[in-house]
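Before any comments, here is the structure.
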Amino acid sequence: MEDLHTKRRVAIIGAGPVGVEAAHAFVQAGCDVQLYERGEVGENVGMWGHVTLFSQWALNTSSTGLEALTQMDVSRPDPECFPTGAQYVRQYLRPLANHPCLKGRVHTRTNVVSIGRSGLLKGQLLG
């Protein structure tokens with residue numbers, strides 16, 4: 001049985017919108033989170049940076065993420081506007097990834113080559 005005082009360790013692969021939001025959620029849940037990204041935070045979104053998103057800021061942000069921006073004195077985007085990919089990365093993803101709760105947890109330019117679970121045998125957890 002797992003020790004209740006041991007923090008759960010979570011590895012998140014990819015520092016895009018879902019990865020950065022998930023990292024915040026796991027930190028708030030008390031987990032030891034490490035976020036790994038092959039490129040830079042939001043790099044894939046930034047590759048189509050000139051394109052306007054099909055949904056408004058309100059549908060591309062979370063209350064947790066917006067609160068984190070407020071804590072860092074970063075202005076919140078207008079929830080009714082439609083950002084471009086570049087705006088989304090610059091005004092939301094990068095600031096969120098730089099929040100103090102993620103300090104030392106976001107690893108960019110990191111190529112993940114294998115994922116495993118310590119002590120897990122081949123036939124365990126099937127199905």
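We count residues from 1, following the sequence as given.
- Across all their heavy atoms, Pro83 and Ser55 have their closest contact at CD-O, 3.8 Å.
- Annotation: the span from Glu40 atom CD to Arg94 atom CZ amounts to 7.5 Å, rounded to 0.5 Å.
- Note that CD of Gln91 is 10.5 Å distant from CG of Asp78, once rounded to the nearest 0.5 Å.
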- [ ] Determine, step by step, whether Glu37 and Arg109 satisfy the salt bridge (charged side-chain N to carboxylate O under 4.0 Å, His left out) criterion, reporting the C-alpha distance in whole Å, the side-chain angles of both residues, the deciding distance to 0.1 Å, and the verdict.
- [x] CA-CA 6 Å; Glu37 170 59 48; Arg109 300 283 172 209; over 6 Å; no
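- Residues meeting the salt bridge (Lys or Arg N to Asp or Glu O under 4.0 Å) test with Arg90, sequence neighbours left out: none.
- Atom-to-atom distance recorded for His107:NE2 and Ile13:CD1 is 10.0 Å, nearest 0.5 angstrom.
- Put simply, the side chain of Thr70 never gets that close to the backbone of Ala68: no donor and acceptor are under 3.5 Å apart.
- Grouping Ile, Leu, Val, Met, Phe, Trp and Tyr residues whose side-chain heavy atoms lie under 4.5 Å apart, directly or via other members, places Val10 in a hydrophobic cluster with Ile12, Val20, Phe26, Val27, Val33, Leu35, Val41, Val45, Trp48, Val51, Leu53, Trp57, Leu66, Leu69, Met72, Val74, Tyr88, Val89, Tyr92, Leu93, Leu96, Leu102, Val106.
- The two atoms that bring Glu21 and Gly65 nearest to each other are OE1-N, 4.2 Å, heavy atoms only.
- Side-chain contact check for Pro79 versus Gln56: every heavy-atom pair is 4.5 Å or farther apart.
- From Gln87, atom CD reaches atom OG1 of Thr52 across 7.5 Å, with rounding to the nearest 0.5 Å.
- Within 6.0 Å of atom CZ in Arg9, 12 or fewer heavy atoms from other residues, nucleotides or ligands are found, so the atom counts as exposed in its surroundings.
- Here Arg105 pairs with Asp32 under the salt bridge (Lys or Arg N to Asp or Glu O under 4.0 Å) rule; sequence neighbours left out.
- Summarising the geometry, atom CD belonging to Glu67 is positioned 11.5 Å from atom NE2 belonging to His24; distances are rounded to the nearest 0.5 Å.
- Hydrophobic cluster membership is shared by Ile115 and Tyr36, with clusters built from Ile, Leu, Val, Met, Phe, Trp and Tyr side chains linked at under 4.5 angstrom.
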